[in-house]
Undergrad: 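One structure coming up, written as C-alpha cells, with questions to follow.
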Amino acid sequence: MFRGLANLNLVADDMTAAIDWYTRVFDSPPYFVRPVDAPAQYAEWRFGDDDDEFALMDARFRPSLDAPGGALVSMHVDDIHSSVKRLLDLGATTFDPVTQRGDGWWSASVSDPFGNLVGLIQSPHWAAQHEA
C-alpha cells in the first residue's frame with residue numbers, strides 16, 4: 001500500500017551549480033551528499049511538514065526511456081504567487097503559469113535552470129491535513 005512520497009529525484013548536468021541553486025531554494029545546504037570526497041554526484045534535502053526528501057543526481061545517471069514519459073510532482077506551498085515569484089527571481093522560468101483550478105486550489109510549474117520541471121500546488125486539502 002502506498003504510504004507517501006519517499007523521494008523526488010531531479011537531474012542536473014552541472015551538479016555544483018544545481019546544489020548551489022537548490023541550497024538557495026531551500027535556504028539550507030543538502031544534508032546528504034555523495035561521494036563525500038569528490039565532486040558531488042548525488043545530494044538530498046529534507047523539506048516541509050513531513051520532512052519529504054528532495055534529491056538531485058548527476059544527469060549521467062538519468063534513466064533512459066524508449067519514448068517520452070515522466071511525471072510532474074507538485075509540492076504544496078502556502079502562497080503560490082510568492083513562491084513562483086521567488087523561484088523566478090532565483091532563475092527558474094515559467095512552464096505553466098499560476099492557474100486557479102477551483103475554490104482555494106492553484107497550480108503552477110517552473111523549469112529550473114537545469115531543465116527539470118518543478119510543480120507547485122496550493123491545496124486546501126493538503127493544508128487542512130497539516131493544520132496544527
Undergrad: Any salt bridge (Lys or Arg N to Asp or Glu O under 4.0 Å) involving residues 98-115? Give me the pairs, sequence neighbours left out, ordered by first then second residue.
TA: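 Listed by first then second residue: Asp96-Arg101.
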Undergrad: Tell me, which pairs form a salt bridge (Lys or Arg N to Asp or Glu O under 4.0 Å) where one or both residues lie in residues 40-50, sequence neighbours left out?
TA: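 Counting only pairs at least two positions apart or across chains, the salt bridge (Lys or Arg N to Asp or Glu O under 4.0 Å) contacts touching residues 40-50 are Arg46-Glu53.
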Undergrad: Is any side-chain heavy atom of Val110 closer than 4.5 Å to a side-chain heavy atom of Leu117?
TA: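 No, side chains not in contact.
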Undergrad: Who are the side-chain contact (heavy atoms from CB on, under 4.5 Å) partners of Val33, not counting sequence neighbours?
TA: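 Val33: side-chain contact (heavy atoms from CB on, under 4.5 Å) contacts with Pro30, Ala40, Ala43.
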Undergrad: Let me see the working for Val118 and Ser109 under side-chain contact (heavy atoms from CB on, under 4.5 Å), right down to the final yes or no.
TA: CA-CA 5 Å; Val118 177; Ser109 59; over 6 Å; no
Undergrad: What heavy-atom pair brings Asp14 and Ala17 nearest, and what distance separates the two atoms?
TA: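 Taking every non-hydrogen atom into account, OD1-N, 3.0 Å.
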Undergrad: Could you tell me which residues satisfy side-chain hydrogen bond (donor to acceptor under 3.5 Å, both in side chains) with Thr93, sequence neighbours excluded, listed by chain and number?
TA: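 Not a single residue meets the side-chain hydrogen bond (donor to acceptor under 3.5 Å, both in side chains) criterion with Thr93.
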Undergrad: Where do Trp21 and Leu87 come nearest, in terms of heavy atoms and distance?
TA: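 Minimum heavy-atom contact is CZ2-O, 4.0 Å.
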Undergrad: Could you report the tightest heavy-atom contact between Met15 and Asp58, atom names first, then the distance?
TA: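 So the two residues come closest at SD-N, 3.5 Å.
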Undergrad: Considering all heavy atoms of both residues, which atom of Pro124 and which atom of Gly104 are nearest to each other, and what is their separation?
TA: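 Taking Pro124 first and Gly104 second, the nearest heavy atoms are CD-O, 3.3 Å.
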Undergrad: Compare every heavy atom of Ser83 with every heavy atom of Leu120, then report the nearest pair and how far apart it is.
TA: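 Closest approach of Leu120 to Ser83, heavy atoms only: CD1-CB, 4.1 Å.
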Undergrad: When rounded to the nearest 0.5 angstrom, what is the spacing between CG in Asp78 and NE2 in His130?
TA: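 If I round to the nearest 0.5 Å, the distance is 11.0 Å.
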Undergrad: Enumerate the salt bridge (Lys or Arg N to Asp or Glu O under 4.0 Å) contacts for residues 17-29, please, sequence neighbours excluded, ordered by first and then second residue.
TA: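 Output for this query lists Asp20-Arg24, Asp27-Arg86.
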Undergrad: With a cut-off of 6.0 Å (strictly less than), are more than 12 heavy atoms of other residues, nucleotides or ligands near CG of Asp89?
TA: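 Yes.
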Undergrad: Just jot down the side-chain hydrogen bond (donor to acceptor under 3.5 Å, both in side chains) partners of Asn9, sequence neighbours excluded, or say none.
TA: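 Once residues adjacent in sequence are excluded, Asn9 has no partner under the side-chain hydrogen bond (donor to acceptor under 3.5 Å, both in side chains) criterion.
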Undergrad: Only counting residues at least two apart or in another chain, list the ones meeting side-chain contact (heavy atoms from CB on, under 4.5 Å) with Phe47.
TA: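 With neighbours one apart ignored, the set is Phe26, Asp52, Phe54, Met75.
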Undergrad: Taking the hydrophobic residues Ile, Leu, Val, Met, Phe, Trp and Tyr, and joining any pair whose side-chain heavy atoms are under 4.5 Å apart, which ones share a cluster with Val11?
TA: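 Besides Val11, the cluster holds Tyr31, Phe32, Tyr42, Met57, Phe61.
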Undergrad: Can you name the residues that form a side-chain contact (heavy atoms from CB on, under 4.5 Å) with Ser123, not counting sequence neighbours?
TA: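 Here the qualifying residues are His76, Trp105, Ile121, His125, Trp126.
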Undergrad: Report the residues that fulfil side-chain contact (heavy atoms from CB on, under 4.5 Å) with Pro35, sequence neighbours left out, ordered by chain and then residue number.
TA: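 Checked Pro35 against side-chain contact (heavy atoms from CB on, under 4.5 Å); matches are Asp37, Ala38, Gln41.
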Undergrad: Looking at every heavy atom in both Pro29 and Trp45, which two are closest together, and how far apart are they?
TA: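 Looking at all heavy atoms of both residues, the closest pair is C-NE1, 3.3 Å.
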